[in-house]
Amino acid sequence: MTAVPTTPDPLVDLEAYLASEPVNPGGLPTTYEHGGRLTPEGSAVDPVLVEIVQGTLASVEMEVETAIARTSRSPMIRDAHDFRAGIHDRQLRKLTGRSYSALVHPIVRDFPLDEMHEGDVFFHNDVYESEGGIGHLPDLCVTVPVFHEGEVVAFVQAFGHHDDIGGACPGSMPSGAQSVFEEGLSVPPIKLWDSGVPNKAALRIMTRNSRMPDSLAADLDAECSACLMGARRLGELFTRYGRDTVEAAFDAILDATTETYRREILDKIPDGSYVWEDYAEHDGVDEPMLHTQRITLTKTSTGGPGPGDGGPRLIIDFTGTSAQAKGPINHCGDYVGGNFLKKWLAPILRNLADTPERMAELDVNEGVVPLIEMRFPEKGTLLTPVYPAPTNARTFVILRLLGVLAGVVAKAVDGRMPADQETIRYTGVYGKDRDGNDYLMREVLGGGSGGRYYADGEDTIHVVPDSRNLPTEFTESRFPFRVERLGLAVDSGGAGRHRGGLGYEKQIRMLEDAHFMSIADRSILACWGVKGGKAGRPFEVTIDLGGPTERTVDALADAEPVKAGQVIRIRTTGGGGWGDPLERPYDEVERDLRWGKVSFDGAREDYGVVASGTKDEPVVDVVASDALRAERRAARGEEPFFDRGPGYAQLAGGAGAADVDWL
């Protein structure tokens, strides 16, 4: 009689137990064959139908996001709109391109397609089992399969930043965390709804671990219901036109993106290799230092997708990136060949389009993935952290990488890329309201974008599309504080022929004792300027503004005490400037004075413009300004291609520029 094999007891032999499990442990590539075409190369499809399918995808995506915004409860999801929806085909390729999204890979890795059912909803937020699609635990992700004639044909997915999922501090982003266990509840891919029936036990576990259980439950219900609705809408598309036709349109949509980027974008970069780096300044544990993120960009004219030897492609090599940090600024980027990072970074390349209008037309979907190869260093760096390294402030890395790619491309194209921006940071207050109830108010304030070779940067933008700051009317009615000022931070934009965009200045007066929290970078280093442009002003928070205990607090703070009656002033970053500020026309400086974006002192110091009069009626002294500018030009020596601002020397042993900052 043959013995029946049994599953090892995990309490006796954990290694054998894991080896026997059919589910891959986190960190392994998905075993599902993914990323390939749905139809044979060269399949014919009606171009009008492709437009109809593409428009339907965009409509479904927007309908899902609208449903979430209208039915969710937390300020972060409902009001700040810090969430995204995405549509993916059965090969796990992202079809929509208005914004980034998470990945379907971990779901299909752990749950075979032929075991999925209509009405299923999958959930995960585990950073290390997300295949790189989830950056920190507050980003909760729901995924719904789309069915046609009983088979999975696509996926609708939503993920967003939620108020609290447990962990060492309210908001689940402890700035001093040294392991992922301090950051909150990690949930690997699970089936949250089974054939339309919610898993109440799993929901109870998650809400029990949250300081905001009601809003968490409501947000998850909104996201699950919206994605189920989106799956029904997408199923109707397959019913109307048939699976073969719709899938041929999917391939055509992605093929068009590949060809557009190859022809209109990659061809603008000369063949060769280019190196640049930038830095996060602190990790919440060690003293401030330069945490390096380096890119070596290699452009080749052959080797990309297509017949024969193919067309151009980019190789992005992260060798030289610093070792993983003790604190939570690490990002798990090296999964599935860097699939998430490719789509995260690719929007930067749109700046090479012929016109701003054309740039706005270019989507970033899975079609960009074949054009980019990513090469990662060994495990143990900021981009290849080893479990259980903390990750809640990984924005310091993935946002910086946008700038590093922009900078390295700028070296290749004589600066025809935007200067730097840092347009996301989390600030907030928490405590007891006047009724003695716990509250958490957290906001994701934007900053100024970088100046461009054809225009100034934009003021107070946010990297998440359609995101918003919290309305004053809402926050004052719900939380115990008053907003006393919300406006532009004067002089915060980096000086340049094209000025960097301005950041916010927000002042709130607490009505009850509370604690202030902040997860922010660029408080020492600044957003760099390029091709003669100067760095913008860094991030700064002042507590008890104008009071006896006025103080500047660290940009990474979990529980800074604030007394009732004290004012908190938050100033967000200004974007870097583009081009020589001494070349900025006088009428544009006069306009900035009139608009209140530049002060009279700033005009003289940053632009060499002598002006008098009032803000409403400034008067530029052309003769004195010409003389001052001539004096400034004569006094300055050779300057690096990038200006990092005075904070760089503080962390670089007095050096004014890095070796890579020179052409």
Side-chain angles (χ1 to χ4, degrees), residues 21-23 32 60-61 63-74 77-78 83 85-88 90 92 101-126 129-130 133-134 137 139-160 162-166 184-210 212-239:
E21 283 290 273
V23 175
Y32 176 70
V60 170
E61 181 182 66
E63 189 174 3
V64 169
E65 292 191 359
T66 301
I68 292 172
R70 295 186 64 175
T71 59
S72 56
R73 180 167 175 176
S74 71
I77 300 295
R78 182 191 62 202
F83 67 92
I87 298 174
H88 309 252
R90 62 182 171 87
L92 318 187
S101 67
L103 303 179
V104 182
H105 298 66
I107 305 303
V108 176
R109 179 197 68 208
D110 292 1
F111 295 91
L113 267 65
D114 58 8
E115 295 180 9
M116 295 180 180
H117 307 95
E118 291 196 53
D120 285 352
V121 179
F122 300 93
F123 173 91
H124 71 288
N125 78 321
D126 188 312
E129 293 210 10
S130 74
I134 297 296
L137 296 181
D139 283 349
L140 310 184
C141 183
V142 298
T143 306
V144 173
V146 179
F147 284 83
H148 175 69
E149 296 180 350
E151 293 187 331
V152 176
V153 290
F155 296 90
V156 177
Q157 187 179 74
F159 88 111
H162 292 68
D163 274 343
D164 191 277
I165 193 69
L185 181 67
S186 296
V187 183
I190 64 170
K191 189 179 287 190
L192 190 59
W193 290 36
D194 191 344
S195 300
V197 179
N199 184 335
K200 293 183 179 180
L203 287 167
R204 187 179 181 194
I205 290 170
M206 285 188 279
T207 55
R208 180 61 174 168
N209 277 272
S210 174
M212 306 288 166
D214 293 339
S215 62
L216 177 60
D219 289 350
L220 283 174
D221 186 59
E223 290 158 352
C224 292
S225 299
C227 286
L228 286 165
M229 176 272 295
R232 291 193 299 272
R233 295 283 190 272
L234 202 54
E236 293 168 2
L237 181 69
F238 282 86
T239 299

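Residue numbers count from 1 along this sequence. If you're wondering where the values come from, they're calculated on a predicted model, not measured in any experiment.
Atom OG1 in Thr143 sits 9.5 Å away from atom CG in Leu103 (nearest 0.5 Å). Here the straight-line distance linking atom CZ of Arg232 with atom CD of Glu118 works out to 10.5 Å at 0.5 Å rounding. Of the inter-residue distances, the one linking Ile107 atom CD1 with Gln157 atom CD reads 7.0 Å to the nearest 0.5 angstrom. Here His124 contributes atom NE2 and Asp139 contributes atom CG; the two are 10.0 Å apart, rounded to the nearest 0.5 Å.
The shortest distance between side-chain heavy atoms of Glu223 and Ile77 falls below 4.5 Å. Here the side chains of Ile134 and Cys141 are in contact, with some heavy-atom distance below 4.5 Å. Between Glu61 and Val64, the closest side-chain pair of non-hydrogen atoms is not below 4.5 Å. Side-chain contact check for Val60 versus Leu237: every heavy-atom pair is 4.5 Å or farther apart. Counting heavy atoms from C-beta on, the side chains of Leu216 and Ile165 come closer than 4.5 Å. Annotation: side chain of Asp194 is not in contact with side chain of Asn199 (no heavy-atom distance under 4.5 Å).
Nearest heavy atom pair, residue Cys224 against residue Trp193, reads SG-NE1, 3.7 Å. Closest heavy-atom contact between His88 and Ala102: CE1-O, 3.5 Å. Of all heavy-atom pairs spanning Phe122 and Lys191, the tightest one is CE2-CE, 3.8 Å. The shortest heavy-atom contact between Ala85 and Glu65 is N-OE2, 3.0 Å. Taking all atoms of both residues into account, the shortest heavy-atom contact from Pro145 to Phe155 is CA-CD2, 3.7 Å. Smallest separation of non-hydrogen atoms from Arg90 and Val152: CD-O, 3.8 Å.
Proximity of a side-chain donor or acceptor of Thr207 to a complementary backbone N or O of Arg204 within less than 3.5 Å is detected. Side-chain atoms of Asp219 do not come within 3.5 Å of backbone N or O of His162 as any donor-acceptor pair. A donor-acceptor pair under 3.5 Å links the side-chain atoms of Ser210 to the main chain of Asp164, judged by distance alone. For the pair Asn125 (side chain) and Leu137 (backbone), a donor-acceptor distance under 3.5 Å is present. The closest donor-acceptor contact from the side chain of Asp120 to the backbone of Ser195 lies under 3.5 Å. Within the 3.5 Å criterion, the main-chain N or O of Glu129 finds a donor-acceptor partner in the side chain of Arg109. Side-chain atoms of Glu63 do not come within 3.5 Å of backbone N or O of Gly230 as any donor-acceptor pair.
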**Prompt:** Step by step, would you call Leu113 with Val108 a side chain to side chain contact (heavy atoms under 4.5 Å, CB included)?
**Reply:** CA-CA 7 Å; Leu113 267 65; Val108 176; 3.4 Å; yes

**Request:** Check the pair Met116, Phe147 against side chain to side chain contact (heavy atoms under 4.5 Å, CB included), reporting the backbone distance first and the verdict last.
**Result:** CA-CA 9 Å; Met116 295 180 180; Phe147 284 83; 3.9 Å; yes

